Visitor: 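Sending over a structure as structure tokens; questions will come in a sec.
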Amino acid sequence: MTVLPPTALPPTALPTAGWATARGARHVAADAAAVRTAPAAWADAARAAAATSPFPNATTRTTSCPVAFAVAVADGIGDTEAAATAARFAAAEAVDAAWRVGVSEAMEEVRRALHEAELATHPIALPLPRPARDSLAQPPAPDVGRAHTPKHSGDTTLAVAAGTAHQWSVAWVGDCRAYFLPDHGPATLLTTDHTIGRYLRDRGIEANPRMDLVVTTTARKGGHGVVRGAGPGRLVLLTNGVHRTTDHQAVTRLALSAADPAEAARALVAVAAEDNAAAVVVDVR
């Protein structure tokens, strides 16, 4: 198992955040994580500046979505270099976009960026469907453009979170998950897996557990879910290499096993002996 070192954060960065990834028994490390933080005071100052602007109807990409953190995990689909490239690209692009415009818009920007990167070398590719905002598991998306899409194009599932302790949001596709562990109260699973299994069970249809392995949305196609929250606590993003290996109680225990978010992230990915894994842990205060 290969565990990457956590990001180096300046001592003044609040909230603190850390991440870890593991290759597991796979040939390729196709899960990725990305983290960006700033002092919480910066976000508060940006919010105050926007509220006191002499141009109340004016918005900018800097002050319209002040954040103290933007983080993401991505799970490349398949044990290939193309999957790993897609995951790394999506995680980095999602964090950059969420920092500027928020998590829902970040999902759309990731999709456009993947598509534009493909068009740069494959101009006959057809456009993919635009995402719908729906936190329920999505039906399988039509394979628009399959015949014209290069067979080695990578795809990935993705979860991205951004905000401050005052307010934060999470957007996701596929079966990447987000948990929130408040300072007071029980841990909560924020996301709903976008899988065939979950889609069928939500409609009262019995599903073979193997259907939980088939995602219905990805960074390239299908709708994304969005959830919003507030308050201090620990926010955790995971790829399926972690949450399929353990249960809700174990995720909570591991996420709280260390005061340092990076150490907690390493503890989470350590349970994924077979699959790739990625975890991000953020203390929102």
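For clarity, every value in this text was computed on a predicted model and none was experimentally measured. Note: hydrogens, waters and symmetry copies are ignored here, and every other heavy atom, side chains too, is used. Along the sequence shown, residues are numbered consecutively beginning with 1.
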Visitor: So that I can tick it off, tell me whether D193 and R198 are bridged by a salt bridge, with the cut-off set at under 4.0 angstrom between side-chain N and carboxylate O.
Guide: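 No, this pair does not count.
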Visitor: Residues sharing I77's hydrophobic cluster, by side-chain heavy-atom contacts under 4.5 Å among ILVMFWY, directly or via others?
Guide: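 Besides I77, the hydrophobic cluster comprises V215, listed by chain and residue number.
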Visitor: Using atom types as modelled and distance alone, determine if a side-chain donor or acceptor of R203 lies under 3.5 Å from a backbone N or O of Y199.
Guide: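 Yes; at least one donor-acceptor contact below 3.5 Å.
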Visitor: Any side-chain heavy atom of W19 within less than 4.5 Å of one from V71?
Guide: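 Sidechains of V71 and W19: no contact.
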Visitor: Just so I know, are the side chains of L268 and V236 near enough to count as touching, which here means a heavy-atom distance under 4.5 Å?
Guide: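 Sidechains of V236 and L268: in contact.
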Visitor: Report yes if the side chains of T252 and L181 come closer than 4.5 Å at any heavy-atom pair, otherwise no.
Guide: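 Counting from C-beta outward, T252 and L181 do come under 4.5 Å.
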Visitor: Give the cluster check for V280 versus V227: same hydrophobic cluster or not, with ILVMFWY residues linked at side-chain heavy-atom distances below 4.5 Å.
Guide: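 Yes, same cluster.
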Visitor: Would the distance check show the side chain of N208 and the main-chain N or O of R210 forming a donor-acceptor pair, the cut-off being under 3.5 Å?
Guide: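 Side chain of N208 to backbone of R210: a pair is present.
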Visitor: D175: which residues meet the salt bridge (charged side-chain N to carboxylate O under 4.0 Å, His left out) condition with it, sequence neighbours left out?
Guide: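 By the salt bridge (charged side-chain N to carboxylate O under 4.0 Å, His left out) rule, D175 matches R244.
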Visitor: Looking at D212 and R201, does any basic side-chain N land under 4.0 Å from a carboxylate oxygen?
Guide: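 Counted as a salt bridge, because a side-chain N and a carboxylate O are separated by less than 4.0 Å.
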Visitor: Should R177 and L189 count as side-chain neighbours, where that means a heavy-atom distance under 4.5 Å?
Guide: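 Yes; the side chains approach each other to less than 4.5 Å.
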Visitor: Give, for atom CZ of F180 and atom CH2 of W168, the distance between the pair rounded to the nearest 0.5 Å.
Guide: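 Answer for the CZ-CH2 pair, F180 versus W168, is 5.0 Å.
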Visitor: Below 3.5 Å, can you tabulate the donor-acceptor pairs from side chains in residues 81-88 to any protein atom, sequence neighbours excluded?
Guide:
residue: T85; atom: OG1; partner: E81; partner atom: O; Å: 3.0

Visitor: Side chain of T239, backbone of A74: donor and acceptor closer than 3.5 Å?
Guide: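 No; judged by distance alone, with no hydrogens or angles, the pair does not exist.
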Visitor: Looking only at the side chains, is there a donor atom on one of N240 and D75 sitting less than 3.5 Å from an acceptor on the other?
Guide: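 There is such a pair (donor and acceptor under 3.5 Å, judged by atom type) between the side chains of N240 and D75.
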Visitor: Would a 4.5 Å heavy-atom cut-off, applied to side chains only, mark H243 and Y179 as touching?
Guide: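 Yes, their side chains come closer than 4.5 Å.
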Visitor: Do H224 and S104 have side-chain atoms, one donor and one acceptor, less than 3.5 Å apart?
Guide: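 The answer is yes; a qualifying pair exists.
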Visitor: Are V284 and R234 close enough that some pair of their side-chain heavy atoms sits under 4.5 Å apart?
Guide: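 Not in contact.
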Visitor: Using distance alone, with no hydrogens and no angle criterion, decide if T21 and D31 have a side-chain donor and acceptor under 3.5 Å apart.
Guide: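 T21 vs D31: no donor-acceptor pair found between side chains.
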Visitor: Got T192 and W172 here, is their nearest side-chain heavy-atom distance under 4.5 Å?
Guide: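 Yes, their side chains come closer than 4.5 Å.
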Visitor: May I ask you to test the V95-V35 pair for a side-chain heavy-atom distance under 4.5 Å?
Guide: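 No, side chains not in contact.
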Visitor: Please say which of D275, N276, T80 ends up in a side-chain hydrogen bond (donor to acceptor under 3.5 Å, both in side chains) with R26.
Guide: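 Exactly one option meets the side-chain hydrogen bond (donor to acceptor under 3.5 Å, both in side chains) with R26, and it is D275.
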